[in-house]
Amino acid sequence: MGSPQGQALPPPPPLTSNVVPLRADEPKVAKPNRLPMARPGSARRGKPIQLLTNHFKVNVASVEGEFFQYSVSLAYEDGYPVDAKGIGRKVIDKLQATYDSELGGKKFAYDGEKTFFTLGPLPQNKLEFAVVLEDLSSNRTAANGSPGGSGSPDGGDRKRFRRPYQSKSFKVEISYAAKVPIKAIANALRGQETEKSQEALRVLDIILRQNAAKQNCLLVRQSFFHNIPKNFVDLGGGVSGCRGFHSSFRATQGGLSLNVDVSTTMIVQPGPVVDFLIANQNVRDPYGIDWAKAKRALKNLRVKIIPSNSEQKITGLSELPCSQQLFSLKHRNGDGEFETTEITVYDYFVNHRHIELRFSGDVPCINVGRPKKPTYIPMELCHLVSLQRYTKALSTFQRSSLVEKSRQKPQERMTVLSEALKISNYDTEPMLRAAGVSISSQFTQIEGRVLSPPQLKLGNGENLLPRNGKWNFRNKTLVEPAKIERWAIVNFSARCDVQKLSRDLARMGELMGVSMENPFTVIEENPQARRAPPHVRVEQMFEQIKTKLPSPPRFLLCLIPERNGTIYGPWKRKCLVEFGIINQCLAPMRVNDQLLANVLLKINAKLGGLNSLLAVEHSRNIPLISNVPTMILGMDVSHGSPGQSDIPSVAAVVSSRQWPSISRYRASVRTQSPKLEMVDSLFKPVSDTVDEGLVRELLMDFYTSSNKRKPDQIVIFRDGVSESQFNQVLNIELDQIIEACKFLDEKWRPKFTLIVAQKNHHTKFFQKGSPDNVPPGTVIDSQICHPRHNDFYMCAHAGMIGTTRPTHYHVLFDEIGFTADDLQELVHSLSYVYQRSSTAISTVAPVFYAHLAAAQIGKFMKFDDMSEVSSGHGGLTSAGSVPVPEMPRLHKNVSSSMYFC
């Protein structure tokens, strides 16, 4: 009720002592919703080169038709929803076969879950059907009786043992959801992307998935893996790499294309369960298996049970060995009455089913029932079925084995891709034919440009022009060599001649211009400490350091028995967090001059030196960068290994310092919720004057290291986000960085350029008429790039093994106003400032450094204890459900250094 006009409102009631008044919210000004910028124009620099790419041209004969989207709901006849994977496709296939005329003879594009599409409408908007599937072996069957009638002991009805297969009835409800015009694809090709155009491309991708599912492939998003043993490579530990191919439709400047690429996933070695466990745990026989680990490794894997050949999912293991595990067996007595007898699983299979068992009596049984209503099967009757993904972390050996065995030279990859396109048989796919979609079998021809390498500045004023993306420090000195003084060597039981190593390092240092004092001492690990846990060994080593050195060392060279061994994490943490000591780890297995030169490059960068820099950086000649204080950021988020769903992610942002340099960087790192891809701690105000975010730390460092100049321009390189996350990067992360700047100074408004760097894509390039990889400096910004957005591909590095993987750069936002040529030159140049090596790298150095910083901090956080908890075959935990341990802050002595180098 409003007050009568002219009459004063009564005063507000007095506040009681325990009430704090709330300030009325000020009207919020809506922030602009930024969209990815359009391409401002074409770049011209560089030498033209003719290339082929693994995009195959797609023609759509008519764009007049429409896809109709329907929601589909599947339930068992008792109304219980279907949740078992794979059953949906069987039900929909049977539905189409049974009710073809009622469905108007329409073909479906089914996504395997709750949606399908047809070309044109079904006869009615709402339809219900009953579908019966024969010979169905599902988990609901298993839980309610014997697994597909294998006759295993589960205390269920005995009749089930005589009915090996059971038919199942399903209720299928179909309801109209939306229309997707095919002409939306044509709109996308003109750069008018809408939700409908994305949906239309999604329909085409769903058709590809369905085509692969009909060939019994393993589907991993848009990658498909056939059950062909020649595509499997053994990686050890019961794990195989499985080669398949990725296939997806892309809207490009040159029209619609199908992007086909080789793809690899890890699968569990098919065959007897016990063989997998022996290999997985590296033991000699079943009696050496750790059954707690085995239970975690096997959970949710599918097995085929002998002799019935039914397929079931493993839910666990029995508590007792097969020869001791009892269950209640119902059988008829002489009077025809049912009675129950307690019998062991072993006795039942050997004496009642007359199945010979060799070792199963002494090991647990496999449970394929429910935890409270188990169905036990002797282990040797269970065989893991093929094409089951292995989602746990790979060991270092498995990872290197996978890389080695899956790499392919360009020509070999082209042959495999042509073969994959043939096998897919897309020409006969009914839905694609009905939509008038035809796919070329020829690789698309495109033109690229090869940029000239940037000139580098080395010591003694010497200039050097890299050749083929590489250069050499032989007979050359570093541009700014550090002095290695007040240092010592610690040896964690690594076998080597430490004195010779020290002399050789000093000799190489002298050649490269690095002045090295003799080490103060060599501290050998106490032999008794070798068997102690890693953190104890590190603790004991530091006790020795404190007693044997007169003052804290400036640098420590740490010799470890193996690369990335268990010592590495605790050692790094102790040095960088507690003591603030720059250090370098070295596993001295094969020491030569090249290795020592590389180690010196890392040590020099960590100690504040500079190995090389760009000549244009030295002469302050970088367009738009050298004349205006400019800060370059690299951002990345590192996650726990696959299967370690409860391990916090680590976000790292690195920034350039000492402007006008673009070769020196420092890092700021935080932990965040597992699997969270967005950086959530860029701006974290905890009071009106205190911001604990990542960006403030970096802004303050830039200011102090750049003669008290604030950056007027900030160039951001963001790694590791997909196209679906561009909106968040543009409107959430960029806003947080802007807010962090305003928090420092309300009137300060730097200009921003935001670029996403993607490595995880499937576009590859091949030289026409040459078996070699594309040359370093190759850039492509036409024909196969986005119809509207400002993106380009760059291969800055020399691909020495396998096929070069280009980096796909998306320029989402550019207030600074780079020309296309200047921006591509900047990106190319930033691939040459990586201080760890004397080669151009595949992506810009700040992104690489962010990845290194996140990975190193991840190693010294105590995450390893948590990793065994997750089963790996279950789903991911939701982000934020795990309390995230706060990352210890680095010691002030090292926080501004390139400790991650």
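Remember, predicted model here, so these are calculated numbers, not experimental data. Position 1 is the first residue of the sequence, and the numbers go up from there.
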Met631 side chain reached by Tyr703 side chain, heavy atoms, under 4.5 Å: no
Results of salt bridge (Lys or Arg N to Asp or Glu O under 4.0 Å) for Arg696 - residues two or more places apart only: none
Asn463 atom CG, over 12 foreign heavy atoms within 6.0 Å: yes
Side-chain heavy-atom pair Val774, Val450 within 4.5 angstrom cut-off: no
Polar side-chain atom of Gln658 near backbone of Asn707 as donor-acceptor pair, under 3.5 Å: no
Derivation and outcome, ring-ring contact (aromatic ring centres under 6.0 Å, His included), residues Phe752 and Phe813: CA-CA 7 Å; Phe752 287 91; Phe813 189 71; 7.5 Å; no
Nearest-0.5 Å distance, OG of residue Ser656 to CG of residue Leu633: 7.0 Å
Verdict with reasoning, Glu517 to Arg554, per salt bridge (charged side-chain N to carboxylate O under 4.0 Å, His left out): CA-CA 12 Å; Glu517 289 182 356; Arg554 182 155 182 255; over 6 Å; no
Residue Arg407 excluded, over 12 heavy atoms near CZ under 6.0 Å: yes
Minimum-distance pair of heavy atoms, taken over all atoms of Ser626 and Trp659: O-CZ2, 3.1 Å
Heavy-atom closest contact (Met541 atom, Asn491 atom, distance): CE-O, 3.6 Å
Over 12 non-hydrogen atoms of neighbours within 6.0 angstrom of CD in Glu510: no
Among Asp719, Asp636, Thr843, side chain to side chain donor-acceptor pair (under 3.5 Å) partner for His851: Asp636
Euclidean distance, Ser842 OG relative to Phe848 CZ, rounded to 0.5 Å: 5.0 Å
Worked verdict on Arg537 versus Gln540 for side-chain contact (heavy atoms from CB on, under 4.5 Å): CA-CA 5 Å; Arg537 293 173 67 183; Gln540 290 180 359; 5.7 Å; no
From CA spacing to verdict: side-chain contact (heavy atoms from CB on, under 4.5 Å), Leu694, Met635: CA-CA 11 Å; Leu694 289 156; Met635 295 167 53; over 6 Å; no
Neighbour count >12 (heavy atoms, 6.0 Å) for atom NZ, Lys409: yes
Check: Val498 main-chain N/O paired with Ser502 side-chain donor or acceptor under 3.5 Å: no
Contact list for residues 571-616, test ring-ring contact (aromatic ring centres under 6.0 Å, His included), sequence neighbours left out: Phe492-Trp571, Phe542-Trp571, Phe542-Phe579
Neighbour count >12 (heavy atoms, 6.0 Å) for atom CG, Asn592: yes
Residues Phe792, Val811; criterion side-chain contact (heavy atoms from CB on, under 4.5 Å); working and verdict: CA-CA 8 Å; Phe792 60 92; Val811 187; 4.1 Å; yes
Gly609 versus Arg664, closest heavy-atom pair with distance: O-NH1, 3.9 Å
Side chains of Phe473 and Leu600 in contact at under 4.5 Å (non-hydrogen atoms): no
Student check: side-chain heavy atoms of Gln736 and Val695 closer than 4.5 Å: no
Contact check, side chains of Asn468 and Pro776, non-hydrogen atoms, under 4.5 Å: yes
Mutual orientation of the aromatic rings belonging to Trp487 and Phe555 [parallel < 30°, tilted 30-60°, perpendicular > 60°]: tilted
Any donor-acceptor N/O pair, Ser838 side chain to Trp471 backbone, under 3.5 Å: yes
Any donor-acceptor pair under 3.5 Å from Ser401 side chain to Phe397 backbone: no
Check: Ser452 and His828 side chains under 4.5 Å, non-hydrogen atoms: no
Positive for side chain to side chain contact (heavy atoms under 4.5 Å, CB included) with Thr807, one of Gln758, His797, Lys759: Lys759
Closest contact, heavy atoms only, Ser896 versus Asp701: OG-OD1, 3.4 Å
N-O pairing of Glu617 and Lys457 below 4.0 Å: no
More than 12 heavy atoms of other groups within 6.0 Å of His891 NE2: yes
Flag, side chain of Gln824 to backbone of Asp822, donor-acceptor distance under 3.5 Å: no
Backbone of Leu464 reached by a side-chain donor or acceptor of Gln455 within 3.5 Å: no
Heavy-atom side-chain proximity of Arg573 to His535 below 4.5 angstrom: no
Whether Arg399 side chain and Leu394 backbone form a donor-acceptor pair below 3.5 Å: yes
Arg620 atom CZ, neighbour heavy-atom count above 12 within 6.0 Å: yes
Check: Leu576 and Ile857 side chains under 4.5 Å, non-hydrogen atoms: no
Glu485, CD: over 12 other non-hydrogen atoms inside 6.0 angstrom: yes
Side-chain donor/acceptor of Asp691 to backbone N/O of Gly693, under 3.5 Å: yes
Nearest-0.5 Å distance that lies between atom CG in Leu549 and atom CD1 in Ile523: 4.5 Å
Worked verdict on Val522 versus Gln499 for side-chain contact (heavy atoms from CB on, under 4.5 Å): CA-CA 9 Å; Val522 175; Gln499 297 300 337; 3.9 Å; yes
Ring geometry between Tyr793 and His808 (parallel below 30°, tilted from 30 to 60°, perpendicular above 60°): parallel
Check: Val628 main-chain N/O paired with Thr630 side-chain donor or acceptor under 3.5 Å: yes
Side-chain donor/acceptor of Asp821 to backbone N/O of Arg44, under 3.5 Å: yes
Distance-minimising heavy-atom pair for Arg486 and Pro552: NH2-O, 3.2 Å
Interatomic distance, Cys496 atom SG to Ile489 atom CD1 [nearest 0.5 angstrom]: 8.5 Å
Any pair counted as salt bridge (Lys or Arg N to Asp or Glu O under 4.0 Å), so long as it reaches residues 584-608, sequence neighbours left out: Arg507-Asp593
Closest approach of Asn604 to Val514 (non-hydrogen atoms, all atoms of both residues): OD1-CG2, 4.4 Å
Reported CZ-to-CG distance for the pair Arg718 and Leu754, which is rounded to 0.5 angstrom: 9.5 Å
Leu456 CG to Asn611 CG distance, which is reported to the nearest 0.5 Å: 11.0 Å
